[in-house]
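Notes to accompany the following structure.
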Number of protein chains: 2
Amino acid sequence: MTQGSFSRQQVLKLTELSSRQLSYWRKTGLVCPQSITPGGHARYAFTDLVALRTAKRLLDAGVSLQRIRRCLDSLTRFLPAADRPLVELSLVVTGDVVLVFHGERAFDALTGQEWVFPIAELAAEVEKLQQQLPEQGELFSAEYNKRGELA
Amino acid sequence: MTQGSFSRQQVLKLTELSSRQLSYWRKTGLVCPQSITPGGHARYAFTDLVALRTAKRLLDAGVSLQRIRRCLDSLTRFLPAADRPLVELSLVVTGDVVLVFHGERAFDALTGQEWVFPIAELAAEVEKLQQQLPEQGELFSAEYNKRGELA
DNA sequence: AAAGGACAAAAATATTGCTTTTTGTCGCTT
DNA sequence: AAGCGACAAAAAGCAATATTTTTGTCCTTT
(Lines give C-alpha, C1' and ligand atoms only; values in the text may rest on other atoms or scores of the structure.)
Protein backbone atom coordinates (compact mmCIF):
# COMPACT_ATOMS: atom_id res chain seq x y z
CA MET A 1 0.00 0.00 0.00
CA THR A 2 2.61 2.53 -0.90
CA GLN A 3 0.13 3.96 -3.32
CA GLY A 4 -2.35 6.30 -1.81
CA SER A 5 -5.27 7.31 -3.89
CA PHE A 6 -6.18 10.89 -4.63
CA SER A 7 -9.43 12.42 -5.71
CA ARG A 8 -9.61 15.08 -8.37
CA GLN A 9 -9.91 17.85 -5.80
CA GLN A 10 -6.89 16.69 -3.92
CA VAL A 11 -4.86 16.41 -7.07
CA LEU A 12 -5.78 19.91 -8.14
CA LYS A 13 -4.72 21.28 -4.81
CA LEU A 14 -1.44 19.36 -4.77
CA THR A 15 -0.39 20.00 -8.33
CA GLU A 16 -1.67 23.49 -8.99
CA LEU A 17 -2.99 22.34 -12.33
CA SER A 18 -6.23 23.60 -13.76
CA SER A 19 -9.14 21.25 -13.90
CA ARG A 20 -9.08 21.52 -17.66
CA GLN A 21 -5.46 20.49 -17.84
CA LEU A 22 -6.00 17.46 -15.70
CA SER A 23 -8.83 16.35 -17.97
CA TYR A 24 -6.96 17.04 -21.15
CA TRP A 25 -3.79 15.36 -20.05
CA ARG A 26 -5.81 12.35 -19.09
CA LYS A 27 -7.69 12.22 -22.35
CA THR A 28 -4.54 12.60 -24.40
CA GLY A 29 -2.65 10.03 -22.37
CA LEU A 30 0.03 12.25 -20.93
CA VAL A 31 -0.78 11.28 -17.36
CA CYS A 32 -3.71 9.00 -16.64
CA PRO A 33 -5.11 8.04 -13.26
CA GLN A 34 -3.94 4.67 -12.17
CA SER A 35 -7.44 3.46 -11.48
CA ILE A 36 -11.07 4.35 -12.02
CA THR A 37 -13.93 4.10 -9.55
CA PRO A 38 -17.05 2.11 -10.36
CA GLY A 39 -18.70 5.41 -11.16
CA GLY A 40 -16.03 6.21 -13.72
CA HIS A 41 -14.20 8.76 -11.59
CA ALA A 42 -10.44 9.11 -11.60
CA ARG A 43 -8.26 7.90 -8.78
CA TYR A 44 -4.70 9.16 -8.97
CA ALA A 45 -1.92 7.18 -7.35
CA PHE A 46 0.99 8.79 -5.63
CA THR A 47 3.24 8.20 -8.59
CA ASP A 48 0.64 9.83 -10.80
CA LEU A 49 0.91 12.87 -8.60
CA VAL A 50 4.65 12.96 -9.06
CA ALA A 51 4.27 12.67 -12.81
CA LEU A 52 1.73 15.46 -12.89
CA ARG A 53 3.85 17.73 -10.80
CA THR A 54 6.92 17.02 -12.87
CA ALA A 55 5.07 17.85 -16.04
CA LYS A 56 3.79 21.01 -14.42
CA ARG A 57 7.29 22.03 -13.48
CA LEU A 58 8.55 21.41 -16.97
CA LEU A 59 5.74 23.58 -18.25
CA ASP A 60 6.58 26.33 -15.80
CA ALA A 61 10.20 26.12 -16.88
CA GLY A 62 9.10 26.89 -20.40
CA VAL A 63 8.96 23.46 -21.97
CA SER A 64 5.83 23.15 -24.06
CA LEU A 65 3.45 20.26 -23.62
CA GLN A 66 4.21 19.05 -27.08
CA ARG A 67 7.89 18.98 -26.35
CA ILE A 68 7.24 17.10 -23.15
CA ARG A 69 5.31 14.51 -25.10
CA ARG A 70 8.06 14.14 -27.63
CA CYS A 71 10.64 13.79 -24.90
CA LEU A 72 8.64 11.02 -23.32
CA ASP A 73 8.34 9.30 -26.66
CA SER A 74 12.06 9.47 -27.21
CA LEU A 75 12.89 8.35 -23.72
CA THR A 76 10.93 5.15 -24.06
CA ARG A 77 13.13 4.51 -27.06
CA PHE A 78 16.44 5.46 -25.47
CA LEU A 79 15.71 4.16 -22.02
CA PRO A 80 13.16 1.42 -22.42
CA ALA A 81 13.88 0.45 -18.84
CA ALA A 82 12.41 3.70 -17.63
CA ASP A 83 8.77 2.93 -17.34
CA ARG A 84 7.64 6.37 -16.32
CA PRO A 85 10.26 8.96 -17.11
CA LEU A 86 8.39 11.77 -15.41
CA VAL A 87 8.51 9.83 -12.19
CA GLU A 88 11.89 8.18 -12.29
CA LEU A 89 14.38 10.31 -14.15
CA SER A 90 16.57 13.19 -13.16
CA LEU A 91 15.94 16.03 -15.56
CA VAL A 92 17.33 19.49 -16.08
CA VAL A 93 15.77 22.10 -18.23
CA THR A 94 15.63 25.36 -19.98
CA GLY A 95 12.89 26.41 -22.29
CA ASP A 96 14.39 24.67 -25.25
CA VAL A 97 16.05 21.57 -23.96
CA VAL A 98 15.47 18.76 -21.54
CA LEU A 99 18.58 17.03 -20.30
CA VAL A 100 18.46 13.61 -18.75
CA PHE A 101 21.04 12.47 -16.28
CA HIS A 102 21.43 8.75 -16.32
CA GLY A 103 24.31 7.16 -14.54
CA GLU A 104 27.45 8.88 -15.68
CA ARG A 105 25.96 10.33 -18.80
CA ALA A 106 23.81 13.21 -19.80
CA PHE A 107 21.84 13.33 -22.98
CA ASP A 108 19.17 15.29 -24.71
CA ALA A 109 15.77 13.84 -23.91
CA LEU A 110 14.50 14.66 -27.35
CA THR A 111 17.25 13.63 -29.70
CA GLY A 112 19.10 11.19 -27.51
CA GLN A 113 22.27 12.94 -28.49
CA GLU A 114 24.84 12.73 -25.76
CA TRP A 115 26.18 15.81 -24.17
CA VAL A 116 29.82 16.13 -24.17
CA PHE A 117 33.17 17.57 -23.59
CA PRO A 118 34.04 19.88 -20.86
CA ILE A 119 36.17 22.11 -22.98
CA ALA A 120 38.46 22.77 -20.09
CA GLU A 121 40.24 19.57 -21.03
CA LEU A 122 41.05 20.90 -24.44
CA ALA A 123 44.14 22.81 -23.46
CA ALA A 124 45.72 19.61 -22.25
CA GLU A 125 44.70 17.88 -25.42
CA VAL A 126 46.28 20.45 -27.66
CA GLU A 127 49.38 20.33 -25.54
CA LYS A 128 49.62 16.66 -26.32
CA LEU A 129 49.10 17.29 -29.99
CA GLN A 130 51.82 19.85 -29.85
CA GLN A 131 54.33 17.19 -28.95
CA GLN A 132 53.57 15.37 -32.14
CA LEU A 133 55.21 18.22 -34.00
CA PRO A 134 58.88 18.08 -33.14
CA GLU A 135 59.92 20.93 -35.34
CA GLN A 136 57.81 23.82 -34.13
CA GLY A 137 58.47 25.91 -31.06
CA GLU A 138 59.48 29.49 -30.48
CA LEU A 139 60.68 29.71 -34.03
CA PHE A 140 59.06 33.03 -34.69
CA SER A 141 59.18 36.04 -32.47
CA ALA A 142 58.16 38.96 -34.63
CA GLU A 143 54.74 40.41 -33.77
CA TYR A 144 53.78 43.14 -36.10
CA ASN A 145 50.07 43.20 -35.69
CA LYS A 146 47.75 42.73 -32.77
CA ARG A 147 44.43 41.14 -33.43
CA GLY A 148 41.04 42.59 -32.77
CA GLU A 149 38.96 39.49 -32.78
CA LEU A 150 35.90 38.15 -31.08
CA ALA A 151 37.13 35.07 -29.36
CA MET B 1 57.28 32.52 -23.68
CA THR B 2 54.32 30.31 -22.95
CA GLN B 3 53.06 31.20 -26.38
CA GLY B 4 54.54 29.13 -29.11
CA SER B 5 53.91 30.23 -32.64
CA PHE B 6 52.34 28.04 -35.26
CA SER B 7 52.41 28.24 -39.01
CA ARG B 8 49.36 27.67 -41.14
CA GLN B 9 50.39 24.13 -41.95
CA GLN B 10 50.88 23.22 -38.36
CA VAL B 11 47.58 24.71 -37.39
CA LEU B 12 45.78 22.79 -40.09
CA LYS B 13 47.31 19.57 -38.92
CA LEU B 14 46.56 20.24 -35.29
CA THR B 15 43.02 21.45 -35.65
CA GLU B 16 41.71 19.40 -38.55
CA LEU B 17 40.19 22.49 -40.04
CA SER B 18 40.10 23.14 -43.74
CA SER B 19 42.32 25.82 -45.14
CA ARG B 20 39.25 27.68 -46.25
CA GLN B 21 37.79 27.67 -42.78
CA LEU B 22 40.93 29.00 -41.22
CA SER B 23 40.96 31.88 -43.68
CA TYR B 24 37.30 32.64 -43.32
CA TRP B 25 37.33 32.52 -39.57
CA ARG B 26 40.25 34.86 -39.59
CA LYS B 27 38.64 37.29 -41.99
CA THR B 28 35.39 37.35 -40.09
CA GLY B 29 37.10 37.74 -36.74
CA LEU B 30 36.06 34.48 -35.15
CA VAL B 31 39.62 33.47 -34.39
CA CYS B 32 42.50 35.60 -35.60
CA PRO B 33 46.19 34.82 -35.41
CA GLN B 34 47.84 36.58 -32.54
CA SER B 35 50.52 38.04 -34.73
CA ILE B 36 51.50 38.57 -38.34
CA THR B 37 54.90 38.09 -39.92
CA PRO B 38 56.57 40.88 -41.86
CA GLY B 39 55.45 39.13 -44.99
CA GLY B 40 51.83 39.28 -43.86
CA HIS B 41 51.56 35.62 -42.92
CA ALA B 42 49.62 34.39 -39.95
CA ARG B 43 51.27 33.23 -36.76
CA TYR B 44 48.91 31.46 -34.40
CA ALA B 45 49.65 31.42 -30.70
CA PHE B 46 48.95 28.43 -28.53
CA THR B 47 45.78 29.99 -27.17
CA ASP B 48 44.65 30.59 -30.73
CA LEU B 49 45.03 26.90 -31.31
CA VAL B 50 42.85 26.13 -28.34
CA ALA B 51 40.21 28.55 -29.56
CA LEU B 52 40.25 27.04 -33.03
CA ARG B 53 39.94 23.55 -31.72
CA THR B 54 37.15 24.48 -29.40
CA ALA B 55 35.21 26.07 -32.20
CA LYS B 56 35.83 23.01 -34.32
CA ARG B 57 34.49 20.78 -31.62
CA LEU B 58 31.41 22.89 -31.21
CA LEU B 59 30.86 22.62 -34.95
CA ASP B 60 31.29 18.88 -34.84
CA ALA B 61 28.77 18.70 -32.03
CA GLY B 62 26.25 20.36 -34.31
CA VAL B 63 26.44 23.98 -33.24
CA SER B 64 26.43 26.21 -36.27
CA LEU B 65 29.07 28.85 -36.78
CA GLN B 66 26.48 31.55 -36.50
CA ARG B 67 25.33 30.22 -33.19
CA ILE B 68 28.89 30.08 -31.97
CA ARG B 69 29.32 33.71 -32.90
CA ARG B 70 26.18 34.70 -31.10
CA CYS B 71 27.22 32.75 -28.03
CA LEU B 72 30.51 34.57 -27.95
CA ASP B 73 28.70 37.86 -28.27
CA SER B 74 26.42 37.04 -25.39
CA LEU B 75 29.20 35.75 -23.23
CA THR B 76 31.13 38.98 -23.42
CA ARG B 77 27.96 40.55 -22.07
CA PHE B 78 27.26 38.00 -19.35
CA LEU B 79 30.85 37.34 -18.41
CA PRO B 80 32.82 40.41 -19.35
CA ALA B 81 35.69 39.01 -17.32
CA ALA B 82 36.06 36.16 -19.79
CA ASP B 83 38.34 37.59 -22.38
CA ARG B 84 38.34 34.59 -24.70
CA PRO B 85 35.44 32.30 -23.92
CA LEU B 86 36.57 29.64 -26.36
CA VAL B 87 39.82 29.35 -24.47
CA GLU B 88 38.76 29.83 -20.89
CA LEU B 89 35.27 28.55 -20.31
CA SER B 90 33.85 25.14 -19.60
CA LEU B 91 31.17 24.40 -22.13
CA VAL B 92 28.78 21.59 -22.79
CA VAL B 93 26.79 21.18 -25.91
CA THR B 94 24.19 19.66 -28.09
CA GLY B 95 23.24 20.90 -31.48
CA ASP B 96 20.85 23.44 -30.11
CA VAL B 97 22.32 24.65 -26.89
CA VAL B 98 25.61 25.68 -25.41
CA LEU B 99 25.76 25.46 -21.66
CA VAL B 100 28.37 27.34 -19.69
CA PHE B 101 29.54 26.12 -16.35
CA HIS B 102 30.74 28.96 -14.23
CA GLY B 103 31.37 28.44 -10.58
CA GLU B 104 28.32 26.77 -9.11
CA ARG B 105 25.99 27.72 -11.88
CA ALA B 106 25.14 26.61 -15.35
CA PHE B 107 23.52 28.87 -17.86
CA ASP B 108 22.69 29.06 -21.51
CA ALA B 109 25.49 30.74 -23.40
CA LEU B 110 23.07 32.39 -25.75
CA THR B 111 20.27 33.66 -23.56
CA GLY B 112 22.00 33.74 -20.21
CA GLN B 113 19.04 31.91 -18.76
CA GLU B 114 19.98 29.78 -15.81
CA TRP B 115 19.37 26.07 -15.70
CA VAL B 116 17.46 24.51 -12.95
CA PHE B 117 15.90 21.81 -10.91
CA PRO B 118 16.98 18.26 -10.67
CA ILE B 119 13.56 16.74 -10.78
CA ALA B 120 14.65 13.88 -8.59
CA GLU B 121 13.82 16.08 -5.64
CA LEU B 122 10.21 16.18 -6.65
CA ALA B 123 9.11 12.99 -5.00
CA ALA B 124 10.21 14.30 -1.64
CA GLU B 125 8.43 17.53 -2.31
CA VAL B 126 5.15 15.86 -3.10
CA GLU B 127 5.53 13.74 -0.02
CA LYS B 128 5.72 16.90 2.01
CA LEU B 129 2.67 18.32 0.31
CA GLN B 130 0.89 15.11 1.05
CA GLN B 131 1.16 15.76 4.75
CA GLN B 132 -0.72 18.99 4.35
CA LEU B 133 -3.79 16.96 3.52
CA PRO B 134 -4.82 15.25 6.74
CA GLU B 135 -7.89 13.56 5.34
CA GLN B 136 -6.57 11.56 2.42
CA GLY B 137 -4.89 8.19 2.61
CA GLU B 138 -5.80 4.69 1.51
CA LEU B 139 -9.40 5.73 1.34
CA PHE B 140 -10.07 4.04 -1.96
CA SER B 141 -9.06 0.59 -2.92
CA ALA B 142 -11.18 -0.28 -5.92
CA GLU B 143 -9.24 -0.55 -9.16
CA TYR B 144 -11.45 -1.24 -12.07
CA ASN B 145 -9.37 0.01 -14.88
CA LYS B 146 -5.68 -0.01 -15.65
CA ARG B 147 -4.24 2.91 -17.52
CA GLY B 148 -2.45 2.82 -20.82
CA GLU B 149 -0.68 6.09 -20.74
CA LEU B 150 2.58 7.53 -21.91
CA ALA B 151 4.20 8.68 -18.72
C1' DA C 1 -18.27 16.63 -7.50
C1' DA C 2 -16.88 14.72 -11.70
C1' DA C 3 -17.14 13.98 -16.56
C1' DG C 4 -17.98 15.36 -21.21
C1' DG C 5 -19.14 18.32 -25.21
C1' DA C 6 -18.81 22.61 -27.84
C1' DC C 7 -16.83 26.97 -29.03
C1' DA C 8 -13.08 30.13 -29.15
C1' DA C 9 -8.65 32.38 -27.74
C1' DA C 10 -3.85 31.58 -27.05
C1' DA C 11 0.30 29.04 -27.72
C1' DA C 12 3.17 26.11 -30.31
C1' DT C 13 4.57 23.96 -34.37
C1' DA C 14 5.14 23.26 -39.33
C1' DT C 15 5.69 25.06 -43.90
C1' DT C 16 7.22 27.92 -47.49
C1' DG C 17 9.98 31.13 -49.85
C1' DC C 18 13.70 34.45 -49.31
C1' DT C 19 18.24 36.14 -47.59
C1' DT C 20 22.62 35.49 -45.48
C1' DT C 21 26.48 32.64 -44.05
C1' DT C 22 29.73 29.16 -44.66
C1' DT C 23 32.54 26.17 -47.34
C1' DG C 24 34.73 24.21 -51.46
C1' DT C 25 37.12 24.85 -55.69
C1' DC C 26 39.76 27.17 -59.12
C1' DG C 27 42.97 30.43 -60.63
C1' DC C 28 46.27 34.16 -59.89
C1' DT C 29 50.04 36.61 -57.19
C1' DT C 30 53.79 37.05 -54.00
C1' DA D 1 53.37 27.79 -49.01
C1' DA D 2 50.35 31.59 -48.06
C1' DG D 3 47.09 34.94 -49.29
C1' DC D 4 43.44 36.87 -52.19
C1' DG D 5 39.38 37.03 -55.27
C1' DA D 6 35.45 35.10 -57.65
C1' DC D 7 31.84 31.75 -58.46
C1' DA D 8 28.66 28.38 -56.78
C1' DA D 9 26.67 24.77 -53.76
C1' DA D 10 25.21 23.75 -49.19
C1' DA D 11 23.73 25.10 -44.73
C1' DA D 12 21.58 28.16 -41.69
C1' DG D 13 18.68 31.68 -40.43
C1' DC D 14 14.41 34.67 -40.97
C1' DA D 15 9.77 36.17 -41.74
C1' DA D 16 5.06 35.45 -42.85
C1' DT D 17 1.39 32.07 -43.06
C1' DA D 18 -1.19 28.00 -42.21
C1' DT D 19 -2.12 24.19 -39.10
C1' DT D 20 -2.36 21.86 -34.78
C1' DT D 21 -2.34 21.74 -29.82
C1' DT D 22 -3.55 23.44 -25.44
C1' DT D 23 -6.39 25.90 -22.32
C1' DG D 24 -10.40 28.51 -20.63
C1' DT D 25 -15.30 29.07 -20.26
C1' DC D 26 -19.95 27.70 -20.38
C1' DC D 27 -23.46 24.16 -20.33
C1' DT D 28 -25.45 19.48 -19.68
C1' DT D 29 -25.52 14.93 -17.54
C1' DT D 30 -24.57 11.42 -14.15
Side-chain angles (χ1 to χ4, degrees), chain A residues 5-13 15-33 35-44 52 55-56 58-73 95-98 110 135-136 139-140 142 144-145 150, chain B residues 5-13 15-33 35-44 52 55-56 58-73 95-98 110 135-136 139-140 142 144-145 150:
Chain A
S5 191
F6 300 83
S7 74
R8 184 182 188 76
Q9 287 298 316
Q10 294 172 324
V11 169
L12 291 183
K13 216 170 287 179
T15 60
E16 300 184 336
L17 290 168
S18 74
S19 171
R20 189 67 170 81
Q21 285 174 310
L22 198 54
S23 301
Y24 186 63
W25 294 11
R26 175 185 175 182
K27 193 177 86 172
T28 55
L30 186 71
V31 182
C32 299
S35 55
I36 311 283
T37 68
H41 287 194
R43 284 282 98 90
Y44 288 89
L52 289 169
K56 176 63 157 61
L58 291 170
L59 264 189
D60 290 344
V63 185
S64 76
L65 248 214
Q66 299 182 50
R67 192 180 293 269
I68 294 175
R69 289 187 203 277
R70 269 177 294 157
C71 285
L72 294 176
D73 272 357
D96 281 341
V97 177
V98 178
L110 201 49
E135 73 277 16
Q136 108 290 47
L139 297 180
F140 316 93
Y144 285 78
N145 212 329
L150 274 170
Chain B
S5 191
F6 301 83
S7 75
R8 185 181 187 78
Q9 287 296 316
Q10 295 172 322
V11 169
L12 291 183
K13 216 170 286 178
T15 60
E16 300 184 336
L17 290 167
S18 75
S19 171
R20 189 68 168 82
Q21 285 175 310
L22 198 54
S23 301
Y24 186 63
W25 294 10
R26 175 185 174 183
K27 193 177 86 172
T28 54
L30 187 70
V31 181
C32 299
S35 54
I36 312 282
T37 69
H41 286 193
R43 284 281 99 89
Y44 288 89
L52 288 168
K56 175 62 157 62
L58 291 170
L59 263 189
D60 290 345
V63 185
S64 76
L65 248 214
Q66 300 182 50
R67 193 180 293 268
I68 295 175
R69 289 187 203 277
R70 268 177 294 156
C71 285
L72 293 176
D73 272 356
D96 280 341
V97 178
V98 177
L110 202 49
E135 72 276 17
Q136 108 290 47
L139 296 180
F140 316 94
Y144 284 79
N145 211 328
L150 276 169

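Here is how names work: the chains are called A, B, and so on, in the same order as the sequence lines, proteins then strands, and each is numbered from 1.
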How many Å lie between [atom1] on [X] and [atom2] on [N], as a whole number?
| X | N | atom1 | atom2 | result |
| --- | --- | --- | --- | --- |
| A:Leu72 | D:dT21 | CG | P | 16 Å |
| B:Tyr24 | D:dC4 | OH | P | 15 Å |
| B:Ile36 | D:dG3 | CD1 | P | 8 Å |
| A:Gln21 | D:dT25 | CD | P | 11 Å |
| A:Arg26 | C:dA3 | CZ | C1' | 8 Å |
| B:Leu58 | C:dT22 | CG | P | 14 Å |
| B:His41 | C:dT30 | NE2 | C1' | 8 Å |
| B:Ile68 | C:dT21 | CD1 | C1' | 13 Å |

Candidates [options] - which lies nearest the side chain of [X]:
| X | options | value |
| --- | --- | --- |
| A:Gln66 | D:dG3, C:dT22, D:dT21 | D:dT21 |
| A:Ser7 | C:dG24, C:dA2, D:dT23 | C:dA2 |
| B:Arg67 | C:dT23, C:dT22, D:dG13 | D:dG13 |
| A:Arg20 | C:dA12, D:dG13, D:dG24 | D:dG24 |

A:Arg69 vs D:dT21: side-chain N/O to OP1/OP2 distance below 4.0 Å: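 It does not, given that no N or O in the side chain of A:Arg69 lies less than 4.0 Å from OP1 or OP2 of D:dT21.
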Below 4.0 Å: OP1/OP2 of D:dG24 and any side-chain N or O of A:Ser18: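 The answer is yes; a side-chain N or O of A:Ser18 sits under 4.0 Å from OP1 or OP2.
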B:Leu110 side, atom CG; B:Ile68 side, atom CD1 - distance, nearest 0.5 Å: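 Between B:Leu110 CG and B:Ile68 CD1, I get 11.5 Å after rounding to 0.5 Å.
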B:Lys13 side chain near B:Phe6 side chain, heavy-atom distance below 4.5 Å: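 In short, these two side chains do not touch, never coming nearer than 4.5 Å.
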Any side-chain heavy-atom pair of A:Arg69 and A:Gln66 under 4.5 Å: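 No, their side chains stay 4.5 Å or more apart.
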Upstream residue (5' side of DNA chain D) when A:Ser19 and B:Arg8 are each assigned their closest nucleotide: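 The residue whose closest nucleotide sits nearer the 5' end is B:Arg8.
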Upstream residue (5' side of DNA chain D) when B:Leu65 and B:Ala42 are each assigned their closest nucleotide: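 The 5'-side residue here is B:Ala42.
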A:Asp60 with A:Lys56: basic N within carboxylate O range, under 4.0 Å: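 A salt bridge is present here (some side-chain N lies under 4.0 Å from a carboxylate O).
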B:Arg8 side chain to B:Ser19 backbone, donor-acceptor under 3.5 Å: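 The answer is yes, because a donor-acceptor pair under 3.5 Å joins these two groups.
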Touch class at under 4.0 angstrom, heavy-atom based, for B:Leu59 against every strand present: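 B:Leu59: backbone/sugar contact only, no base atoms under 4.0 Å.
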Sugar-phosphate, base or nothing in reach of B:Gly39, heavy atoms under 4.0 Å: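 Result for B:Gly39 = nothing.
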